[in-house]
Amino acid sequence: MADSTGAQAPKPSSSVKLVLLGEAAVGKSSLVMRFVNNDFQENKEPTIGAAFLTQKCNLPTRTIKFEIWDTAGQERFASLAPMYYRNAQAALVVYDITKASSLTKAQHWVAELQRQASPGIVIALVGNKFDLANPSSSSAAEGEGEEGEEGEGDARKIPAATAKAYADEEALLFFETSAKTGMNVAEVFTAIANAIPETSLKGPRGAAGQSGRQQEESRVNLTGPRDNVGAKEGCAC
Amino acid sequence: MDSLEGTLWDVVLYGTGIRQSLLALALSRSDKKILHIDSHQWYGGAEAAFSLQEAKTWVEGIQHELEHPQFKKASLHHPERDDSQTDAPKLSYPRAYSLALAPQLIYARSDLLRLLVSSKVEKQLEFVAIGSWWVYQSALAPQGSSDDGTADGGESSRSSLLRVPSSREDVFADTTLDLNGRRKLMKFLRFIARFEDEPDTWQQHASKPFPEFLEQQFGIPVAIQSPLIALTLSLKPPSEITTEFALSKIATHLRSIGVFGRGFGAVIPKWGGLSEIAQVACRACAVGGDNGAYAAEEESQDGADSSFKIKLSSDGRVSTRWLVGDVEDLGLGSMKETSIGGGDSRSDTAIIASRSVTVVSSPLGSLFPPVAEGSPPPAGAVVFFPSGSLCTAGSEEISQNHSPVYIQVHSNDTGECPKGQSVLYTFTAELGPPGLQLLTNAMTGLLAAVEEDPTPIALWQMQYEQSSQWADADPPHTLHAVNNDRIICLPSSSPDLSFDDAIIENVRDAWKRIMGDEVDDASFMVFEDREEMAGIDEDDDDLG
């Protein structure tokens, strides 16, 4: 247990559960891969089964360790398991700026979060695939009805202003990113880390909050050393 | 993205109960195409966990017969409160609760825990300890005399709870027993530590009543048997508990103590019991949502790839090679019921129990004493009300013959209720109004015996009856006709107090049938950490 064996002078460090939401194939996992490994894979397979990734975010006065929970394909369906939202202190809701329907889906997830998650959750709305909005991008627009106003050769369907206006209305953080180039990715996570109130990082957080130190004590570790704690105790032999 | 109808699925998993979910987990790293669906809006099937609002919806579903007949006679109760008293204890908001339909405790030696670790999903779960077992002693019951093994304590004026000793040290320190009683209990504990090696002592009693065995082989009188009976977690009256069953359950209990820490041997998943494990297992495989019942299609059986079609009410037809569900989901017409109590044997009869879930206005801290230095503080306790400790309906006298009652008490450390409250889960094999009366009397007795001032009150209660199907049920005929071998029918959930490792066997069997020759037992749910998780443990300094 305990307080760190690290060599650095201890800066307060807290874990933050962050859930990742958004329509399939908007680049949720790619954003995380960029953030965690500074890596990008062009044709990443859909995510299955990974539990969560962790990555530290160093702020001047504290360190935030993100536990990033991907949706593992469940975003296709109506409801997500409660364990997914439980104690989440931050959410990254991702849409694809080249796909109009993905913002609608993102709005659905924001509403879900407001209904299901802890009241103080920090939500960031992120429009990904900014690289495709660049007019010099090789990908051409393929949709019929151009909603974007960014001109020819631009795959953008959702104007930044539209999403920004929605984000402001719902008090969400807002960024446009590119997991491919890395643009704004670190900034999103830093902004989230800064937006999480100091008070919610310390001590027990009540029924809806995340487990603090006090509740942590009651936790049973299933993977610790088993046989040095006297498994014979109950055998009375 | 695959469309449901356009894909030939290898496996359609119907339902998100613990069995289907564990199977989903077992199959999650295979290359099989899996469609996992549920007709409900929630996860976990009969192992779900509910907020107060969801519980209300669930109860209404049962009342309108929208749910499987496995659950019956459900009702909700909000005791009257005087709202003018602003400091009166109150319920918190509905989502502050996560009440378990299956608050089953899991012994440390259970295969389930080992598999959750080997399949790498344990990191997404939290477990808390079940600490003490208690036996309720009614003030109205006749007190023992000095030659029955109990200490000569005179008449007791109020009901009390006796802590069940879990080690020889505990027995030694137990002041409710006289020297003779302690010695006999010690002898039994020494025996049970390796009872498999001493068949001569018990095998001729194997299928005979356990109380007789204790009396004849160990001279332990009925008056001091209750602590041992309590450890069997059987809903049957003691005279129907076989020696073989009891020895195996008591041995499991004692051998589990110390595995994950001193002084406790059972754990429960935080946030609502088996529901949490089901959710994590589903997540490992990703889950769909089918809104409504489905019916099997008999028309199609394709010989070439031995796939067949099933009809989903919301999503049309899907093609699959395998279909897995439980007895309730695969066919409703064939429910048969035999009313007996207890969860003892793999008998071919249903198990039925009266159940209630009650939110109480007190943390009931005295039921969760620390079990040992350095061990996590317990979040749960088990209270046993033996036959002959409670009054039955319409009587103010103790009945000697009522079914035993168990109450699992969960503190707010389980995440099931807010601070300052606790949750009582009751179980008895007595059905109907007498069963409910028994449960009520047991709860009243418990709340009086904890001696808190003011006496804790029930803030919210849900009651229901739960039955389970026999374990070796065949798929119903309509489905059978479609595809004899490719439909796997899992047993339904039962109102057990502890997780039954037979569930693991069911899941492993199903997994082997689906995987065929590719797999052996040793690889069941043994997975590597995923590459993407590489960074996860590098400097994890906050795991206890």
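Keep in mind that the numbers below use all heavy atoms, side chains included, and drop hydrogens, waters and symmetry copies. Proteins get letters first, then strands, A, B, ... in listed order; numbering begins at 1 in each.
Looking at B/Leu25, neither its backbone nor its side chain comes within 4.5 Å of chain A, counting heavy atoms on both sides. Contacts of B/Ala129 with chain A are made by both backbone and side-chain atoms, with heavy-atom separations under 4.5 Å. In this structure, chain A has no heavy atom under 4.5 Å from any part of B/Val121. Neither the backbone nor the side chain of B/Ser411 comes within contact range of chain A; no heavy atoms are under 4.5 Å apart.
Between B/Phe260 and A/Val220, the shortest heavy-atom contact is CB-CG1, 3.7 Å. Residues A/Glu217 and B/Pro377 share a closest heavy-atom pair of O-CD, 3.4 Å. Closest approach of A/Ser218 to B/Pro376, counting heavy atoms only: O-CB, 3.6 Å. What you find for B/Tyr43 and A/Pro82 is that their closest heavy atoms are CD1-CD, 4.4 Å. A/Gln116 and B/Arg95 get closest at one heavy-atom pair: O-NH1, 2.7 Å.
To the nearest 0.5 Å, atoms OG1 (A/Thr223) and NZ (B/Lys120) are separated by 10.5 Å. Going from atom CG of B/Leu125 over to atom CZ of A/Arg219 covers 9.0 Å, rounded to the nearest 0.5 Å. Rounded to the nearest 0.5 angstrom, A/Met83 CE and B/Cys282 SG are separated by 10.0 Å. Rounding to the nearest 0.5 Å gives a distance of 11.0 Å between CG of A/Leu222 and CD of B/Glu126.
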Exercise. Decide side-chain contact (heavy atoms from CB on, under 4.5 Å) for B/Glu276 and A/Arg86; before the verdict, give the C-alpha distance in whole Å, the side-chain angles of both, and the deciding distance to 0.1 Å.
Key: CA-CA 11 Å; B/Glu276 200 69 3; A/Arg86 179 167 304 133; 2.6 Å; yes
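The 12-atom threshold is not exceeded at CG of B/Asp31, counting heavy atoms of other residues, nucleotides or ligands nearer than 6.0 Å.
With sequence neighbours excluded, the residues that form a side chain to side chain donor-acceptor pair (under 3.5 Å) with B/Ser51 are B/Glu54.
A salt bridge does not link A/Glu67 to B/Lys123: none of the charged side-chain nitrogens sits closer than 4.0 Å to a carboxylate oxygen.
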